[in-house]
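What you see below is based on every heavy atom in this structure, not just the backbone, and it leaves out hydrogens, waters and symmetry mates. Here is how names work: the chains are called A, B, and so on, in the same order as the sequence lines, proteins then strands, and each is numbered from 1.
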Amino acid sequence: MIQVTLPDGSKREYQDGASPLDVAESISKSLAKKALAAKVDGQMWDLVRPLEGDANVAIITDRDPEGLELIRHDAAHVLAQAVQELYPDAQVTIGPVIDDGFYYDFARKEPFSTDEFEKIEAKMREIVDADYPIIREVWDKDAAIAEFKRIGEDYKAQIIDDIIPPGEAITVYKQGNWFDLCRGPHLPSTGKLPKAFKLMKLAGAYWRGDHRNEMLQRMYGTAWANEKDLKEHLHRLEEAEKRDHRKLGAQLDLFHLDGMAAAGSVFWHPNGFQVWRQIEAYMRRRLDASGYEEIKTPQLMDSVQWEKSGHWGKYRENMFIVPDFIPAGDEGVEISVPEDAKLMALKPMNCPAHVEVFKSGQKSYRDLPLRLAEFGCCHRNEPHGAIHGIMRVRQFTQDDAHIFCREDQIVEESIQFCRLLESVYRDFGFEKIAVKLSTRPDVRAGDDATWDRAEAGLKAAVDAAGLPCELLPGEGAFYGPKLEFQLTDAIGRVWQCGTLQLDYVLPERLGAEYIASDGSKQRPVMLHRAILGSMERFIGILIEEFAGAFPIWLAPVQVVVAAISDDAAGSYAEEVAAELRKAGLRAEVDRRNETINYKVREHSMQKVPVIAVVGAREADERKVALRRLGSNGQQILSLEEALISLAEEALPPDLKRARS
RNA sequence: GCCGGCUUAGCUCAGCUGGUAGAGCAUCUGAUUUGUAAUCAGAGGGUCACGGGUUCGAGUCCUGUAGCCGGCACCA
């Protein structure tokens, strides 16, 4: 007999060899029906796999997150089986579960087409209807390799060969006459897979994620416990698409991109640049209040400078190189660069220039920490496939700063930085910030004691700011550990925004030093840090976060004064707008010959936070009718009241705080 | 950079199996002077991304290039 403890703490006895399904059946018929798998002593377990002794058993259904994961994993297997039945020349590789679904990578000469999805989905449904039992088998490693090779599945054979230690057994799951290497667990049979799945897209993916390997064909799918959840998911995707910053950028006339004229660079329009200016002004105030000094450094620097910093050797491919010579002035004459022309490079980052500023003149320990900030415009020649809207561009402006300090100041500076960052993000409305701490890589500069201190310092800093933090062991830069602060776009893609990196190497390479209290020359430590990351990316994320409806302090146009008829209220509308501008608001007038319905609709779609409607009545009584974006009521105020309350409302969050 | 897809008016898109382009919105003009999400009418606007080919004839078929989109790789 074995004793099973259920999640509620109750204990039951079963025959030896009983499975979780027996446990479920003994509890209730309906539970047995809903059961997908089990958790045995915290480990996922097939429903019909016999228990191996006394255990804690929890039955997993599609209500559990683990259940949904099982469904998606099985959907991947069913997809693979379907594809192989339809296309016997396709080889299977891997097919994991991802957020909202799964994918499967196939090797096949001929490209798949999304036109074939319908056929594949139909075959998948057939496999579900066939209700093949999914059977777990334990195979010997060498036998498994031989078998997968025999049936022509070279990728599978290679996976087994590479990841399974010699002598260890592997598990194979069979459904019908199809089988796959898999750790499991799985549903008891294919009939248990809800048909709430859908193939979503095709993509290329390198075998084992290495660009030197051949490219496989990846099929992405989504799978849910029921039709309703699937529908909701698809609806969410549709809604998210409407928030795409590229779409809204055009609709709200914020910016445009032109891949022909300037691939990867943004043409900011008045509306978009107004948002930029508000953000920049806000950041300046925050930096000024936090002991930073703003500088401006050269866009182009001599290649010699980049050689010294080490970028020329390692990152030259990503830099824009500009030969320093005077080309022939005549039209039609082909330009040839003289061989002895000096080379310059557009800066891909600001650090070396900031070190130059630090180095000019003598620095004393009394000057530290020295915090040099710059809205630095950088150029990086990114691979063309990497460019994405305004999120990943080739010209971008970092809200960059470098803190030069003594080693014993690192922790305090890091804490201050994390607190500042947290407060800034909160002002922009971001509550959830993903923080990653990347620690020492295998190949690194500096001794372990220094790394210990540096890593502990960064950890202490995130803790002090009250931010949860995930460790990424081995992911740090070779010169120091780093913190990354990530935000998520409308469809769940994660973007790095803020960063804090410790650097002992660059001050050394470029010979930065200060005079210590004992008169000796010392190396400062350098903290690279950015809060927004890049203006472009951050604005892109803001657009998606707010679906284009910026909070009033950021909105390009804060108030539109719409006249009901030009004859009756046109000049009063001008007067109201002038007063609003005097009160510091960004206001526009709409006295076009259009109906008020039309104007309200248009400015609402342009996501203007406040529409001030004025007609004959308002002009007579010197009032305004305010209509807020997203509500259809109106608020009638005297002009004076409106000016005071709107000016207060439109104040940036930091200035609002300073008031109270 | 790699795999796949896409590219028709300022924008969103039609254009069947090849017979030299069409709608809505926007723009302009006129009428209307309007009370909270589209007033009516008229007009202008396209080398169908670009280059080459097949064909009597190409937006449509083939091919090359570029850009964009979705992933992958990259992201100091």
Item to complete: Look through every strand shown and name the nucleotide pairing with B:G19 as Watson-Crick or G-U wobble, where both distances are under 3.5 Å.
Response: B:C56
So what does [X] hit on the nucleic acid, given a heavy-atom distance under 4.0 Å: a base, only sugar-phosphate, or nothing?
X: A:His388; answer: sugar-phosphate
X: A:Ile564; answer: base
X: A:Glu594; answer: base
X: A:Gly310; answer: nothing
X: A:Ala203; answer: base
X: A:Tyr103; answer: nothing
X: A:Gln606; answer: nothing
X: A:Asp258; answer: nothing
X: A:Ala477; answer: nothing
X: A:Gly204; answer: base
X: A:Ala250; answer: nothing
X: A:Phe478; answer: nothing
X: A:Met200; answer: nothing
X: A:Asn597; answer: sugar-phosphate

Determine the Euclidean distance between corresponding [atom1] atoms of [M] and [N]; express it in Å to zero decimal places.
N: B:C72; M: B:C62; atom1: C1'; result: 29 Å
N: B:A26; M: B:A9; atom1: C1'; result: 11 Å
N: B:A58; M: B:U12; atom1: P; result: 29 Å
N: B:A14; M: B:U60; atom1: C1'; result: 14 Å
N: B:C3; M: B:A73; atom1: C1'; result: 11 Å
N: B:G70; M: B:G18; atom1: C1'; result: 31 Å
N: B:A23; M: B:U65; atom1: C1'; result: 32 Å
N: B:A37; M: B:A31; atom1: P; result: 28 Å

Discussion item. Against A:His379, only a single residue in A:Leu300, A:Leu346, A:Asn318 fulfils side chain to side chain contact (heavy atoms under 4.5 Å, CB included); can you say which?
Written reply: A:Leu346
Base [N] paired with [X] side chain (donor-acceptor, <3.5 Å):
X: A:Arg392; N: B:C74; answer: yes
X: A:Tyr206; N: B:G71; answer: no
X: A:Arg627; N: B:A37; answer: yes

Of the nucleotides [options], which has the atom closest to the [X] side chain?
X: A:Met319; options: B:A66, B:G71, B:A76; value: B:A76
X: A:Asp567; options: B:A76, B:G67, B:U33; value: B:U33
X: A:Ala386; options: B:G67, B:A73, B:G71; value: B:A73
X: A:Ser565; options: B:G35, B:U33, B:G71; value: B:U33
X: A:Pro348; options: B:A76, B:U39, B:C72; value: B:A76
X: A:Val600; options: B:G70, B:A76, B:A37; value: B:A37
X: A:Lys201; options: B:A76, B:A37, B:G70; value: B:G70
X: A:Tyr598; options: B:A76, B:A38, B:G70; value: B:A38

Specify the separation, in whole Å, of atom [atom1] of [X] and atom [atom2] of [N].
X: A:Leu629; N: B:A37; atom1: CG; atom2: P; value: 13 Å
X: A:Leu346; N: B:A76; atom1: CG; atom2: C1'; value: 16 Å
X: A:Phe320; N: B:A76; atom1: CZ; atom2: P; value: 17 Å
X: A:Phe106; N: B:C3; atom1: CZ; atom2: C1'; value: 16 Å
X: A:Glu618; N: B:G35; atom1: CD; atom2: C1'; value: 8 Å
X: A:Leu216; N: B:G71; atom1: CG; atom2: C1'; value: 13 Å

With a 4.0 Å limit, can you tell me whether [X] has a side-chain N or O closer than that to the phosphate oxygens OP1/OP2 of [N]?
X: A:His384; N: B:G1; result: yes
X: A:Arg617; N: B:G35; result: no
X: A:Arg493; N: B:G70; result: yes
X: A:His603; N: B:A37; result: no
X: A:Arg108; N: B:G4; result: no

Worksheet item: Would A:Glu356 and A:Lys359 pass as an ion pair if we require N to O under 4.0 Å?
Response: yes
Discussion item. If the threshold is 4.0 Å, N to carboxylate O, is there a salt bridge linking A:Glu602 and A:Lys599?
Written reply: no
Item to complete: Could you walk me through whether A:Leu542 and A:Phe430 pass the side chain to side chain contact (heavy atoms under 4.5 Å, CB included) test, one step at a time?
Response: CA-CA 9 Å; A:Leu542 278 181; A:Phe430 295 109; 3.8 Å; yes
In this structure, which one of [options] forms a side chain to side chain donor-acceptor pair (under 3.5 Å) with [X]?
X: A:His245; options: A:His388, A:Arg537, A:Glu545, A:Glu544; answer: A:Glu544
X: A:Gln635; options: A:Arg628, A:Arg627, A:Glu641; answer: A:Arg628
X: A:Tyr479; options: A:Arg444, A:Arg509, A:Gln501; answer: A:Gln501

Worksheet item: Are the side chain of A:Arg394 and the backbone N or O of A:Ala263 linked by a donor-acceptor pair below 3.5 Å?
Response: yes
Worksheet item: Would A:Arg72 count as a cation-pi partner of A:Phe102, with NZ or CZ less than 6.0 Å from the six-membered ring centre and within 45° of the ring normal?
Response: no
Practice prompt. Indicate whether any N or O donor in one side chain lies under 3.5 Å from an N or O acceptor in the other, for A:Glu153 and A:Gln84.
Written response: yes
Worksheet item: OH of A:Tyr206 to CE of A:Met215: how many Å apart, nearest 0.5 Å?
Response: 4.0 Å
Worksheet item: Would the A:Phe106 and A:Tyr87 ring centres measure less than 6.0 Å apart?
Response: no
Discussion item. Near RNA chain B, counting only heavy atoms under 4.0 Å, which residues of residues 373-383 of chain A show up?
Written reply: A:Arg380, A:Pro383
Practice prompt. Could you check A:Ala205 against A:Gln634 and say which one's nearest nucleotide on RNA chain B is further toward the 5' end?
Written response: A:Gln634
